[in-house]
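Hydrogens, waters and symmetry mates play no part in the numbers below; they use all other heavy atoms, side chains included. This one's a predicted model, so the numbers in the text were calculated from it and none came from an experiment.
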Amino acid sequence: MRYGTHKYGTFLYGAETGLPVGAIRWGVIVDWDNDGKYTGENEAIYLTDLKVRRGRQFMLQGEGGFENVVPGKLNLTLDNSTRRYDPYNSSGPLFNLLLPGRRIQLIAAVDTFRYVLFTGRITDIKPVGFGAKSFVTISAEDGIAELQKFEPKLSILEAVNFQEILSEILASVDWEYGFSADGFADYVAYFSASENASSWQVITELANANLAFVFCDGNNKLIAIPRTRSDTAKYTWTQAQFEKEIQLSMPWDTARNVFRVVHTSFKETSIRRLFTLLEPLYLGAGKSTRIVAKYSLEADGEVLGKNVSVTVRGNKLPDESGTELNFSRIFVETPRFTEIFVFNNTSSDGYITQLTVDGTAIYLEQQYELTDENQSSINMYGKKRFSLETEYVQYSALGEEILRVTRLFFENSLVEIHLEALGRNLLGIELGDIVNFSISVYGMSGKFHIAQIEHQWSFSTGQTVRTRIKLERFPFLTFQPWKFPAQIGVNTRFST
């Protein structure tokens, strides 16, 4: 097989032999039968083009805080002259298997090195044309897209750190790819997922409250890197290793000089009435109904609740002047409401005349706003705001630390660098890897981490790959994390 044309000499991944030294061997491994296993069947022999991108394009929102990492995307173009990828080809080997949701991996190997560049699920399959020139495009997204689809189903968690919360969130959505979140020691007094927020929204909000970086790696493992990470660099790069089109963020684009951090104080009550049915509700004989009882306190509005109990009374008449009926109920407690199912198992029509929910209320006691400004930067660039407002910063020490770190961080306004290179030496890089990078022409150097990676074929042979990288400054800190006092109770204040 000639160098420069080889993808895989056989149809089974890993069975190739006799390759020239340094050749890139590609694997497109798909779980077509959806049994949860990659059995080695390789589609790369049909591959004519690919592009894979993971990470985030920008670090900062316009007038807010940090941008979040978006779902990683894989786009493949494959030869379809045999109609292998035609879902209407009833005699094709993949008939009835060409469906969105199938697991897919993209692998690159050079000599003894093997790199998993992407793991996710197929989102679309589009055959184009007929005959010898027909092709198919296959698109896929990584696990972040799955986390965007599901809300976490959790009770209130108390005195937990990011790693513990992350474990509970991922278990609640049956996450199958594993995770790593070592080194998080800051605690949240009371955790509940924001209402109607996806799992990914909650995870990124928690990450921002810890000044952390969170993403899915090439194997789809969820990685959360704390602000107190080691600053040991994995790579040392200079401008000479990359093409001349090195793009630096402009100081006025990445400057931030007006800082605002909000931290929140919660308080726990004794048992209170969290919900009362306001008027009788008709319930026919043998029927059932579903009621969502949202928690509130008259003085504090909507609250969180835990350890709830539900009382239901039934009667033939709405004013309770008739015969009492024995209604049964089952309920599911959540941090913001209780879902109640009431059953009229009697032979008489009647009314739910009383329905109450009692429990412990957790309410927002106070919110504290911390602010700071860098006047010299304001004089130069005008006001450029950074704001972090989340209910997961729950004590003043962390709020003050975030304020201090963000100001120091943005005093050096060079926070983003975009790089581009041809070759195969960058196939092994990963999001979060630390890089010592220097640009001698500008007299600039420093530590960055990789925040976005894109690999794209330059030729249909797959032997020339263009890699685009975005580097971000990262606040390498040694802050001593705050921990809870020995006892948490109804009189505890979590911020002052």
Side-chain angles (χ1 to χ4, degrees), residues 151-169 171-172 186-197 199 201-202 205-206 209 262-278 281 290-313 327-342 352-368 389-399 482-496:
E151 297 179 21
K153 304 298 183 184
L154 299 175
S155 301
I156 292 176
L157 304 176
E158 299 182 51
V160 286
N161 64 27
F162 185 17
Q163 182 179 27
E164 293 165 335
I165 297 170
L166 188 59
S167 177
E168 294 289 337
I169 291 173
S172 78
D186 294 319
Y187 279 74
V188 175
Y190 297 103
F191 169 80
S192 69
S194 301
E195 193 169 13
N196 299 321
S199 297
Q201 285 176 290
V202 175
E205 188 176 349
L206 279 162
V262 176
H263 68 91
T264 303
S265 172
F266 288 91
K267 189 170 183 178
E268 184 175 313
T269 71
S270 56
I271 298 296
R272 298 283 185 86
R273 179 64 45 86
L274 303 179
F275 175 84
T276 300
L277 186 68
L278 297 179
L281 183 65
R290 172 181 174 268
I291 299 170
V292 176
K294 201 164 190 177
Y295 311 141
S296 66
L297 294 177
E298 184 175 346
D300 301 291
E302 293 184 6
V303 297
L304 304 177
K306 64 176 185 176
N307 303 326
V308 305
S309 61
V310 176
T311 300
V312 176
R313 291 177 62 179
F327 290 173
S328 61
R329 90 290 186 271
I330 59 174
F331 64 91
V332 178
E333 173 187 334
T334 79
R336 300 176 189 273
F337 62 86
T338 292
E339 186 178 24
I340 307 165
F341 297 89
V342 182
I352 302 172
T353 56
Q354 179 182 329
L355 190 151
T356 59
V357 178
D358 296 315
T360 301
I362 300 166
Y363 65 93
L364 177 64
E365 184 181 25
Q366 285 185 348
Q367 282 190 323
Y368 305 81
E389 184 172 352
T390 167
E391 64 183 47
Y392 303 132
V393 176
Q394 295 183 2
Y395 57 97
S396 58
L398 179 57
W482 181 88
K483 296 188 178 182
F484 274 95
Q487 182 177 1
I488 301 175
V490 295
N491 296 318
T492 305
R493 284 181 65 92
F494 297 98
S495 55
T496 57

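- Between the CG atom of Leu154 and the OG atom of Ser199 there is a distance of 8.0 Å, given to the nearest 0.5 Å.
- Shown here for Gly305 and Ile156, the closest heavy-atom pair between the two residues is O-CD1, 3.3 Å.
- Annotation: the span from Glu195 atom CD to Thr334 atom OG1 amounts to 8.5 Å, rounded to 0.5 Å.
- Taken to the nearest 0.5 Å, the CG atom of Leu355 stands 8.5 Å off from the OG1 atom of Thr276.
- Of all heavy-atom pairs spanning Val308 and Phe331, the tightest one is CG2-CE1, 3.9 Å.
- Leu274 places a side-chain heavy atom less than 4.5 Å from the side chain of Leu297.
- Between Lys306 and Glu333, no side-chain nitrogen of the basic residue sits less than 4.0 Å from a carboxylate oxygen of the acidic one, so the salt-bridge criterion is not met.
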(request) Apply side-chain contact (heavy atoms from CB on, under 4.5 Å) to Val393 and Val262, showing your working. (result) CA-CA 7 Å; Val393 176; Val262 176; over 6 Å; no
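- With a 4.5 Å cut-off on side-chain heavy atoms, Tyr295 and Ile362 do not count as touching.
- Side-chain N/O atoms of Glu205 and Thr390 include a donor and acceptor closer than 3.5 Å.
- Here the shortest heavy-atom pairing between Ala209 and Tyr392 reads CB-CB, 4.0 Å.
- Within the 4.5 Å cutoff, the side chain of Gln354 has heavy atoms near those of the Thr311 side chain.
- Under the 4.5 Å side-chain criterion, counting only non-hydrogen atoms from C-beta, Leu206 is in contact with Phe191.
- To the nearest 0.5 Å, atoms CD1 (Ile340) and CZ (Arg290) are separated by 10.5 Å.
- By the 30° and 60° cut-offs, the orientation of the rings of Tyr190 relative to Phe266 is perpendicular.
- At a threshold of 4.5 Å between non-hydrogen side-chain atoms, the residues Leu281 and Ile291 count as touching.
- Between Glu302 and Lys294 there is a salt bridge, since a side-chain N of the basic residue sits under 4.0 Å from a carboxylate O of the acidic one.
- Scanning all heavy atoms of the two residues, the minimum distance from Val160 to Glu164 falls at CA-OE1, 3.2 Å.
- Ile271 CD1 to Asp358 CG: the interatomic distance, rounded to the nearest 0.5 Å, is 7.5 Å.
- No donor-acceptor pair closer than 3.5 Å links the side chain of Ser265 to the backbone N or O of Glu365.
- Atom CG of Leu157 and atom CD of Glu168 lie 5.5 Å apart (nearest 0.5 Å).
- Scanning all heavy atoms of the two residues, the minimum distance from Ala189 to Gln394 falls at N-OE1, 2.8 Å.
- A side-chain donor-acceptor contact under 3.5 Å links Arg329 to the backbone of Val310.
- Residues Phe327 and Ile352 are in side-chain contact: their nearest non-hydrogen atoms beyond the backbone lie under 4.5 Å apart.
- Put simply, the side chain of Ser172 gets close to the backbone of Ile169: a donor and an acceptor are under 3.5 Å apart.
- At a threshold of 4.5 Å between non-hydrogen side-chain atoms, the residues Glu151 and Asn196 count as touching.
- Scanning all heavy atoms of the two residues, the minimum distance from Ser192 to Pro335 falls at CB-CB, 3.7 Å.
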